[in-house]
Asks: 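Got a structure for you, written out below as structure tokens; questions coming shortly.
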Amino acid sequence: MLQFGGIGALLFATGACASGSRTEGSDDASPGTGTDTLRIAVSSYLSSWDQDFVGFDPVALMLYKNIFPYMIDYGVTEADGSRILDTENVVATFAESFEPNADQTVWTLKLRQGLTFASGNEMTAADVKWSKDRAFAAQANVAGIYRTIGLTEPDQVTVVDDYTVQFTQAFPSALTRQIQAISLYVFDSEEAKKHATDADPWATEWFANNAPTGGYFNVERAVQGQEIVLTANEGYPGPDPAQAKTIRISVVPAAANQRLQLQAGDIDVALGISQRDIADLKSADGIKVISAASNEQVAIQMSVTTAPFNNVDVRKALAHAVPYEQIINNVYGGDARPTSSLVPLDMPGYDERGYPYGYDPDAARTALAAAGSAQITSELVYATDNDTQQQIAVLIQSEARKVGIELELTPLDPATLAERRQQKNIPLQITSGQLWVNDVEYMLATSFVEGANLNYSNYVNPELEEIYERSHTIVDAGERNDLWLRVQEILAADVPWVILCQPNFNLPVRESVAGWVQPMDGLARLRYLSASA
């Protein structure tokens with residue numbers, strides 16, 4: 001799954017086990033599988049333990065949310081009988097408080113006292129400062145996203161006392177709490193300094209291969225490519241501590257094997273099962289499928305700088321050729337929501353006038369004629385390991401052919417797909433993912449302005465660029481919504497994406513599993529989960 005939360009992303013290959021873990025140990029060293037242990041299957045091992053350099057690894061990013069101490073995080077609310085993360089309610093977790101001054105340019109972070117890392121080192125303001133200095137030095141994930149809230153220099157982060165840090169922004173921003181919710185993770189700086197060298201002053205090599213500590217869970221054991229065992233951090237004094245004492249995460253690449261293990265009771269939660277298997281599991285004994293509305297978007301990004309999609313009428317033709325209802329019914333079994341804007345459903349500012357296109361072959365032929373061509377060809381790229389994307393591609397190919405758009409389906413392995421996305425030379429591709437920050441300004445920053453990391457469409461509109469710049473310093477919700485309406489009008493006219501739908505979130509688990517909180521950023525908070533006998 002493509003995570004829209006990424007900014008600049010570099011990946012480090014891992015080659016060793018986690019810090020403090022029993023390396024390559026026998027099963028005798030593994031925890032048991034009683035009610036204190038929750039067993040989860042994931043599709044792949046994480047690429048690195050260093051969060052400052054990872055942007056597109058869903059397993060790693062999910063783990064980070066549970067093993068790094070994040071100072072603040074989204075709160076929890078209820079919607080339609082489900083517990084979900086509330087992206088408009090950011091609360092203090094490892095911090096005691098995080099509050100602004102009157103003009104919202106200086107934000108003061110106060111840490112809880114008595115927090116420690118697994119090394120025994122106390123977590124203090126110096127660790128926060130060191131972690132943010134490291135982030136600015138890296139010029140990768142955090143440094144990139146901090147620019148949106150006016151933080152560009154290490155000197156803007158200052159230590160007030162042992163438990164207080166101040167962030168002085170160049171301007172007030174409506175995004176501060178949400179940006180800091182994804183950026184305020186803290187490293188054990190005293191431990192890191194032991195492994196720094198003149199050539200590697202921020203201990204990047206060491207962090208790539210050794211798990212962080214001090215979060216809701218510590219890494220008890222990690223075996224490359226096989227499993228990771230987490231134990232609850234019993235020293236955490238804040239809200240929502242971990243419910244399960246032990247979580248055993250096993251790597252099971254094949255979705256079919258995850259399904260078999262879940263049905264056999266060998267695992268409690270399967271995080272990598274296909275839509276087709278999930279539908280079958282809804283009636284399986286001993287299993288329940290947790291379902292909730294999601295802000296995940298499935299779309300086709302068209303390169304507006306590549307023929308034939310550099311012609312807006314061709315883009316409109318494709319938008320009218322796509323069988324939206326068929327995709328929802330046949331691919332998702334009806335378990336997805338249609339949408340009428342490139343702004344996700346449930347995001348503040350969403351307006352249904354943002355995408356005035358529906359399945360209409362006659363309108364598609366008319367648009368193609370307006371483009372000066374009755375027949376066009378292109379490749380349509382999708383991830384080779386994604387059955388859902390393959391089904392979508394086949395349906396679109398069939399319908400597009402009827403109006404004169406001939407699509408060559410091109411499945412790409414993850415490495416090749418990532419390389420071509422980085423080169424931004426794909427004319428037409430299926431993407432899916434969800435934003436970590438539920439805000440249009442963030443959506444523009446990641447996907448629709450010049451240089452945005454996820455702007456695979458190579459899309460640039462001068463008025464939209466100007467709106468994006470203006471939005472940085474506007475904190476009034478009404479003024480921002482006025483801007484977002486204009487943004488959607490521009491995107492509707494330029495149609496850089498075909499927006500397909502928002503599939504609901506579904507997670508198959510054993511009936512004994514309780515406490516799931518739907519993560520609106522796609523990254524499970526394992527601390528809420530428990531399993532009964």
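What you are looking at is a predicted structure, and each value in this text was computed from that prediction instead of being measured.
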Asks: Is there a side chain to side chain contact (heavy atoms under 4.5 Å, CB included) between Y146 and T152 once you walk through the steps?
Replies: CA-CA 7 Å; Y146 266 177; T152 56; over 6 Å; no
Asks: Under a 4.0 Å N-O cut-off, is there an ion pair linking D188 with K194?
Replies: no
Asks: With K132 as the cation and F187 as the aromatic partner, state whether NZ or CZ is under 6.0 Å from the six-membered ring centre and within 45° of the axis.
Replies: no
Asks: If you count heavy atoms of other groups shown closer than 6.0 angstrom to NZ of K245, is the number above 12?
Replies: no
Asks: Could you give the distance from OG1 (T473) to CZ (F171), rounded to the nearest 0.5 Å?
Replies: 7.5 Å
Asks: Determine whether the aromatic ring centres of W107 and F98 lie less than 6.0 Å apart.
Replies: yes
Asks: Heavy-atom distance under 4.5 Å between the side chains of I179 and V437, does that happen here?
Replies: yes
Asks: Using side-chain heavy atoms (C-beta onward) and a distance below 4.5 Å, is S471 in contact with L483?
Replies: yes
Asks: Let me see the working for N504 and S291 under side-chain hydrogen bond (donor to acceptor under 3.5 Å, both in side chains), right down to the final yes or no.
Replies: CA-CA 7 Å; N504 294 329; S291 181; 5.1 Å; no
Asks: List for me each residue that meets side chain to side chain donor-acceptor pair (under 3.5 Å) alongside K129, sequence neighbours excluded, and say none if there are none.
Replies: D133
Asks: Would you say V142 and Y185 make side-chain contact, with heavy atoms under 4.5 Å?
Replies: yes
Asks: Regarding R134 and D50, does a basic nitrogen lie under 4.0 Å from an acidic carboxylate oxygen?
Replies: yes
Asks: Do NZ/NE/NH1/NH2 and the carboxylate oxygens of R177 and E99 come within less than 4.0 Å?
Replies: yes
Asks: Supply the atom-to-atom distance I182 CD1 to K65 NZ, rounded to the nearest 0.5 angstrom.
Replies: 7.0 Å
Asks: A side-chain contact here means heavy atoms from C-beta on lying under 4.5 Å apart; do S44 and V59 qualify?
Replies: yes
Asks: Between K110 and Y163, is NZ or CZ placed under 6.0 angstrom from the six-membered ring centre and within 45° of the ring axis?
Replies: no
Asks: Keeping Q434 on the side-chain end and Q297 on the backbone end, is there a donor-acceptor pair under 3.5 Å?
Replies: no
Asks: Enter the distance from Q301:CD to L454:CG here, rounded to the nearest 0.5 Å.
Replies: 7.5 Å
Asks: Rounded to the nearest 0.5 Å, what separation is found between the OG atom of S530 and the CG atom of D36?
Replies: 10.5 Å
Asks: Between the side chains of R510 and D268, is the shortest nitrogen-to-carboxylate-oxygen separation below 4.0 Å, so that they form an ion pair?
Replies: no
Asks: With a 4.5 Å cut-off on side-chain heavy atoms, are L63 and I249 touching?
Replies: yes
Asks: Please determine which of T158, T108, N101 meets the side chain to side chain donor-acceptor pair (under 3.5 Å) test together with Q166.
Replies: T108
Asks: Judged by atom type as modelled, is there a donor-acceptor pair below 3.5 Å linking the side chain of T164 to the main-chain atoms of V160?
Replies: no
Asks: Can you confirm whether V487 sits close enough to L464 that some side-chain heavy atom of one is under 4.5 Å from a side-chain heavy atom of the other?
Replies: yes
Asks: Identify the two heavy atoms, one from R112 and one from T93, that lie closest to each other, and give their separation to 0.1 Å.
Replies: NE-O, 2.6 Å
Asks: Should the pair H195 and W206 be assigned to parallel (<30°), tilted (30 to 60°) or perpendicular (>60°) ring geometry?
Replies: parallel
Asks: Less than 4.5 Å apart, side chain to side chain, heavy atoms only: is that true for P241 and R527?
Replies: no
Asks: In sequence, state the C-alpha distance, the side-chain angles, and the governing distance for S457 and N455, and then conclude on side-chain hydrogen bond (donor to acceptor under 3.5 Å, both in side chains).
Replies: CA-CA 5 Å; S457 295; N455 186 359; 4.7 Å; no
Asks: Can you tell me how far CG of N295 sits from CE of M347, rounded to the nearest 0.5 angstrom?
Replies: 7.0 Å
Asks: Assert yes or no for the condition that the ring centre distance of Y236 to Y216 is strictly below 6.0 Å.
Replies: yes
Asks: Verify, without hydrogens or angle tests, whether R337 (side chain) and S294 (backbone) share a donor-acceptor contact under 3.5 angstrom.
Replies: yes
Asks: Verify the neighbour count for atom CD of E466: are there more than 12 heavy atoms of other residues, nucleotides or ligands below 6.0 Å?
Replies: yes
Asks: Calculate, to the nearest 0.5 Å, the distance between atoms CZ and OH belonging to F448 and Y459 respectively.
Replies: 8.0 Å
Asks: Looking at residues at least two apart in the chain, or sitting in another chain, which of them share a salt bridge (charged side-chain N to carboxylate O under 4.0 Å, His left out) with E78?
Replies: none
Asks: Under 4.5 Å between any side-chain heavy atoms of H472 and E441, yes or no?
Replies: yes
Asks: Please assess V513 against V269 for the test side chain to side chain contact (heavy atoms under 4.5 Å, CB included), listing each intermediate value before the final yes or no.
Replies: CA-CA 8 Å; V513 174; V269 180; 4.1 Å; yes
Asks: May I ask you to check whether F94 and F68 place their ring centers less than 6.0 Å from one another?
Replies: no
Asks: Kindly give the heavy-atom pair with the smallest separation between A60 and V54, and that separation in Å.
Replies: CB-CG1, 4.2 Å
Asks: Which atom names give the shortest non-hydrogen contact between A452 and K424, and what distance separates them?
Replies: O-NZ, 2.8 Å
Asks: Kindly write out the residues that satisfy salt bridge (charged side-chain N to carboxylate O under 4.0 Å, His left out) with R525, not counting sequence neighbours, or none if the list is empty.
Replies: D73, D521
Asks: Can you tell me if CD on E511 sees more than 12 non-hydrogen neighbours from other groups inside 6.0 Å?
Replies: yes
